[in-house]
Amino acid sequence: MTETNSETYHPAALEPAMQALWSSARLHRAERGTGESYYCLSMFPYPSGRLHMGHMRNYTICDVMSRFQLMQGRRVLQPMGWDAFGLPAENAAMANGVPPAEWTRSNIAHMRGQLKSLGFAIDWDREIATCNADYYRWNQWFFLRLLERGIAYQKTGTVNWDPVDQTVLANEQVVDGRGWRTGALVEKREIPMYYLRITDYAQELLDSLAQLDGWPERVKAMQANWIGRSEGAEIAFACADQVIRVFTTRPDTLMGATFMAVAAEHPLARRAAESNPDLAEFIRECQQGGVSEADIATQEKRGMDTGLKAIHPLTGDELPVWIANYVLMGYGEGAIMAVPAHDERDFEFALKYDLPIRQVISLPDGQVYDDRHWHEAYAAKDGELVNSGNYTGLSCSDGFAAIVGDLEAKGAGQARVQFRLRDWGISRQRYWGCPIPIIHCKACGAVPVPEQDLPVRLPEDLVPDGSGNPLNRCEAFLNVPCPKCGQPARRETDTMDTFVDSSWYFLRYTCPDNDQAMVDERTSEWMPVDQYVGGIEHAILHLLYARFWTKLMRDEGLIDIDEPFRRLLTQGMVLAETYYREDAAGRRTWFNPSEVEVRRDAKGGVDSAVLIADGEPVTPGGVEKMAKSKNNGVDPQALVDQYGADTVRLFSMFAAPPEQSLEWSDAGVEGAWRFLRRLWSGVHRHVAGGLPRSALDAQALGDPGRELRRVLHETIAKVSDDYARRLTFNTAIAAVMECCNRLARFEPSDDNDRALVQECWTSLVRLIAPVTPHVAEALWRKLGGAESVFEAGWPGVDESALARQTVTMVVQVNGKVRGRIEVVPGSAREEVEAQARAEDNVARFIDSKTVRKVIVVPDKLVNIVVG
RNA sequence: GCCGGGGUGGCGGAACUGGUAGACGCGCCGGACUCAAAAUCCGGUUCUGGCAACAGAGUGCGGGUUCGAUUCCCGCCCCCGGCACCA
């Protein structure tokens with residue numbers, strides 16, 4: 001243990017030594033210990049090649065919580081694995097010609113090594129990778145059960161189609177409506193896909209948000225809005241020999257409907273286009289551009305009259321039927337009744353195409369309806385019905401009920417609940433994913449692969465080239481006899497959405513070695529996850545799918561929980577300053593912060609920034625998320641090599657609370673490094689004087705000692721609360737630093753004082769141990785600890801140490817601070833007031849004025865109101 | 001466009017339940033040590049005025065409630081995350 005005896009701090013030698021110690025004591029194995037279980041989970045990484053700062057931050061947060069719980073005596077499971085399927089591996093294959101399997105596996109090997117060097121208390125025996133058949137076979141197995149239950153089904157869906165590469169594009173591969181590689185205008189295409197009926201679970205997914213006390217309110221709000229439950233009515237409008245069904249949340253405004261609008265993909269639109277080339281052309285135009293909601297919502301509203309007329313179910317009036325690009329086929333019925341007077345989108349459309357606007361809801365007193373300009377109030381539901389025949393005079397809610405009642409009586413409508421949530425399309429026209437276990441037979445149709453033939457293995461030697469899924473050209477994969485009739489048949493070549501992989505990996509960590517079952521009895525021992533940690537960018541999709549999948553597995557009788565994650569912490573992003581130079585054509589070259597030197601003015605403000613290489617200025621481009629495109633990524637490995645893992649961990653926990661974005665600063669890392677060096681030398685100086693001979697007698701301490709001990713125990717109380725309840729590791733670290741600063745100023749005068757210093761160091765080392773485990777382990781042993789600091793227990797608060805002789809109270813006059821007084825805690829109001837008024841500066845401000853009121857907040861503040 | 005979040009010194013942030021705005025760290029300024037530098041240590045550091053005591057202003061902008069507002073309410077501006085095939 002020479003590493004711990006060195007007088008100066010050398011993390012490069014120390015950290016591997018401490019890691020070896022933990023490893024041989026099997027400290028990270030989840031099975032060890034007898035305490036209550038604690039499952040602490042990070043969102044598993046996509047193996048992109050190197051660990052980036054976002055990973056580093058995520059896993060440090062999780063490790064701090066795991067180690068804190070370990071020190072509380074709990075049996076901790078902190079696993080790690082790889083979200084190993086997905087698009088980047090295919091892109092890398094196109095760039096380098098390396099098969100995605102090879103690229104992915106070598107990335108995993110490298111990143112595993114990086115994670116190990118950071119000293120995370122991970123149980124590596126449970127590592128999983130979703131690209132391994134022993135994992136994804138259970139995707140396939142469960143998919144077949146869902147197919148049997150009717151939860152999985154086939155229908156057509158809309159995708160982005162690149163007409164040049166003849167391939168389906170992901171939304172991120174569509175840039176300004178064009179394919180990223182070819183630049184061709186992207187088209188929408190309808191293709192058959194497999195879907196999961198998440199809408200069957202919409203109500204439950206919404207209702208059970210209420211039991212997720214440990215989730216941030218904002219995430220629950222985002223999920224609730226995403227599910228988007230709305231109560232309204234389904235209304236049928238006759239149109240020639242057809243019926244147009246619409247869903248509306250405002251049946252009370254039915255008397256204000258002046259036209260109908262259908263999506264370009266609506267069957268009625270297609271029929272109308274058959275005999276009208278202009279309409280067909282318009283539909284073709286609507287088919288251009290991307291499929292993403294943001295694209296559709298921001299495009300200019302456009303429409304065309306079909307010439308068809310729908311019949312208003314109550315008045316019998318004829319309403320023109322338009323095709324409109326703001327009506328979505330995927331929501332409701334793909335058609336709407338337009339009430340331009342009371343819906344902003346319909347209003348805008350009516351103005352543009354000069355369609356009638358008919359006000360049917362009254363406005364607040366004095367307001368007159370202006371049919372040229374939209375006002376928020378037009379969409380309100382607190383007026384009463386006007387211009388509405390029999391319904392005139394009713395409130396909106398009474399009108400809602402009366403109109404729905406009449407529609408029901410006529411068989412033309414009914415009340416209905418509609419969700420914004422759509423069924424989950426899981427088919428991807430890509431190679432690097434889990435094969436969908438289906439065989440297409442000319443005679444028998446889509447036939448599920450029999451269970452005994454699972455897994456359907458993905459061939460690992462293919463290299464995508466950008467022109468569609470290479471599985472389509474892989475005869476060895478494609479050709480297979482039909483399981484039903486034995487005739488030659490063809491495998492499905494679509495693979496599963498990677499969100500399928502990430503929807504249950506946390507269950508598999510509990511039993512990764514089971515090759516007979518997806519999950520087993522160990523799963524219920526650990527689940528639900530006690531603490532889940534991951535990026536806020538996953539607040540909706542991943543977390544919703546994981547909740548859904550958990551309910552599916554529950555309903556298959558595989559697990560017995562309703563919700564997978566008890567507590568959720570959504571960490572913020574890691575940002576860094578950007579620097580660039582612009583050439584004559586306006587093209588920007590981005591420089592990494594490590595290549596730039598910042599010059600400061602006399603006050604410490606940024607004066608200029610220059611490129612170290614040539615000394616010429618660069619332009620600061622603002623603080624942005626670390627990304628390749630802005631070349632502002634800071635490599636954690638370089639910093640770990642320079643300062644050691646503990647310093648990097650300390651700074652990333654200190655610079656911001658976990659939920660907020662974190663701005664990276666190399667200068668800040670220096671500060672963390674200095675603190676650890678001070679901690680190291682402080683303990684060594686204390687131990688060099690010999691450990692104290694006798695136990696601490698707190699009663700015998702002098703005033704400075706008693707004061708220090710009060711600060712220590714206040715610190716223990718605060719830090720414990722910060723770790724356990726507030727999850728603000730930045731303030732916990734600040735409190736430890738503050739206490740260390742106090743301790744450094746304390747001069748022990750006898751052996752009892754030295755016993756106090758011993759109490760301080762042994763406490764502080766344990767308080768910081770979750771954040772900087774290697775340093776803490778070494779110092780703990782230096783201070784005489786026989787076992788690991790993580791087995792040493794957590795320091796307790798001595799309530800008697802917290803008592804104060806006096807407290808400082810602030811004295812305000814009319815809310816402005818004018819002085820301070822020292823009082824005995826719990827002093828009576830009158831006494832405090834008298835003392836406050838006697839204070840010189842306070843008396844000056846009261847002067848001859850009349851005291852109107854005196855507010856006393858015990859032991860804190862006095863406010864004297866004069867006038 | 002829709003949903004969610006954020007804005008506090010030169011910088012990252014703190015102020016937990018409406019009660020001292022700026023803890024802790026960085027940077028900067030001054031000092032000690034040194035032949036010198038680095039490292040380290042000590043002191044100062046919201047802005048304006050003042051030698052100082054102290055005073056005035058101040059938490060994105062504009063208003064409001066309150067003895068008292070970074071915190072609560074109303075209206076705006078800017079930045080960030082998500083929008084169903086990036087993960």
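Every chain is numbered from 1, with letters handed out A, B, ... down the list of sequences. Only heavy atoms go into these numbers, but all of them, side chains included; no hydrogens, no water, no symmetry mates. This structure is a prediction, so every number in the text was calculated from the model and none was measured.
Between A:Arg844 atom CZ and B:A55 atom C1' there is a gap of 8 Å when expressed in whole angstrom units. Here B:A23 presents its C1' atom at 12 Å from CZ of A:Arg742, a figure rounded to the nearest Å. Following rounding to the nearest Å, A:Lys860 (NZ) and B:A21 (P) show an atom-to-atom distance of 13 Å. Nucleotide B:C24 holds its C1' atom 12 Å from the CD1 atom of A:Ile768, rounded to whole Å. A:Phe651 has its CZ atom 11 Å from the C1' atom of B:C11, to the nearest Å. To the nearest angstrom, P of B:A39 lies 18 Å from OH of A:Tyr9. Between the C1' atom of B:A14 and the CD1 atom of A:Ile733 lies a distance of 14 Å, rounded to the nearest Å. Counting to the nearest Å, the C1' atom of B:G12 and the CG atom of A:Leu575 are 11 Å from each other.
Side chain A:Arg674 to base B:U40: no donor-acceptor pair is found below 3.5 Å.
A:Asp722 and A:Thr731 are linked by a side-chain donor-acceptor pair at a separation below 3.5 angstrom, with hydrogens and angles left out of the test. Counting only N and O atoms by type, the side chains of A:Asp501 and A:Thr498 include no donor and acceptor under 3.5 Å apart.
The CD atom of A:Glu833 sits 10.0 Å away from the CD1 atom of A:Ile821 when rounded to the nearest 0.5 Å. The CZ atom of A:Arg57 sits 6.0 Å away from atom CD of A:Gln571, with the distance rounded to the nearest 0.5 Å.
At least one side-chain nitrogen or oxygen of A:Lys816 sits closer than 4.0 Å to the OP1 or OP2 atom of B:A57. Look at A:Arg818 and you'll find a side-chain N or O under 4.0 angstrom from OP1 or OP2 of B:G56. Proximity of A:Asn225 to the phosphate of B:G4: a side-chain N or O atom is located under 4.0 Å from OP1 or OP2. For the pair A:Arg685 and B:U40, the criterion of a side-chain N or O lying under 4.0 Å from OP1 or OP2 is not met. Under 4.0 angstrom from either OP1 or OP2 of B:G25 there lies at least one side-chain N or O belonging to A:Asn741. Contact annotation: A:Asn730 does not reach the phosphate of B:G25 (side-chain N/O to OP1 or OP2, under 4.0 Å).
Between B:G25 and B:U17, the two C1' atoms lie 28 Å apart (nearest whole Å). Separating the C1' atom of B:C35 from that of B:G49 is a span of 44 Å, rounded to the nearest Å. Taking atom C1' on both nucleotides, B:C61 is separated from B:U8 by 15 Å, rounded to a whole Å. B:A15 and B:U20 are spaced 10 Å apart, taking the C1' atom of each and rounding to whole Å. B:U71 and B:G64: their C1' atoms are spaced 15 Å apart (whole Å). Here the separation of B:A21 from B:G68, taken at their C1' atoms, is 14 Å to the nearest Å. B:C24 and B:C79 have their C1' atoms separated by 26 Å, with the value rounded to a whole Å. Taking atom C1' on both B:G50 and B:A55, the two are 9 Å apart, rounded to the nearest angstrom.
Counting non-hydrogen atoms under 4.0 angstrom, A:Val857 reaches a base of the nucleic acid. Looking at heavy-atom distances under 4.0 Å, A:Tyr195 makes no contact with the nucleic acid at all. Counting non-hydrogen atoms under 4.0 angstrom, A:Asp722 reaches nothing in the nucleic acid. Within the nucleic acid shown, A:Arg218 comes within 4.0 Å of sugar-phosphate atoms alone, with no base atom in reach, counting heavy atoms only. A:Lys301 comes within 4.0 angstrom of nothing in the nucleic acid, heavy atoms only.
Under 4.0 Å is where a charged nitrogen must lie from a carboxylate oxygen, and between A:Arg742 and A:Glu714 no such pair does. A salt bridge links A:Arg218 and A:Glu659; the closest N-O separation between the charged side-chain nitrogens and carboxylate oxygens is under 4.0 Å.
Under the 90° criterion around 0 for the glycosidic angle, B:G9 counts as syn.
The aromatic rings of A:His542 and A:Phe499 sit parallel, their planes meeting at an angle under 30°, below the 60° perpendicular limit. A tilted orientation is assigned to the rings of A:Phe349 and A:Tyr326, their planes being inclined by 30° to 60°. Using cut-offs of 30° and 60° on the angle between ring planes, the pair A:Tyr59 and A:His55 is parallel. The aromatic rings of A:Trp504 and A:Tyr135 lie parallel to each other, with less than 30° between the two planes, well short of the 60° mark.
Of the two residues near RNA chain B, A:Val219 and A:Thr728, the one whose nearest nucleotide lies more 5' is A:Val219. Nearest-nucleotide mapping onto RNA chain B: of A:Gly668 and A:Ala221, the residue sitting toward the 5' end is A:Ala221.
The listed nucleotides are B:U40, B:G19, B:A23; the one nearest the side chain of A:Leu861 is B:G19. Nearest nucleotide to the side chain of A:Ala667, out of B:C26, B:G13, B:A55: B:C26. For A:Arg677, the side-chain atoms get nearest to B:U40 when compared with the rest of B:G25, B:C16, B:U40. Closest to the side chain of A:Asp721, out of B:G12, B:C16, B:A14, is B:C16.
More than 12 non-hydrogen atoms from other residues, nucleotides or ligands lie less than 6.0 angstrom from CG of A:Asn841. Other residues, nucleotides and ligands contribute over 12 non-hydrogen atoms within 6.0 Å of the CD atom of A:Glu822.
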Whether each nucleotide of nucleotides 62-87 of chain B has a protein heavy atom under 4.0 Å at its base (B), only at its sugar-phosphate (S) or at neither (-) is summarised, 5' to 3', as -----B------------SBSBBBSB

A correct dot-bracket answer for RNA chain B, with pairs being Watson-Crick or G-U at under 3.5 Å, [ ] for crossing pairs and | for inter-strand pairs, is (((((((..(((......[....)))((((((.......))))))((((....))))..(((((..]....))))))))))))....

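Here A:Val810 pairs with A:Gln812, A:Val817, A:Arg820 under the side chain to side chain contact (heavy atoms under 4.5 Å, CB included) rule; sequence neighbours left out.
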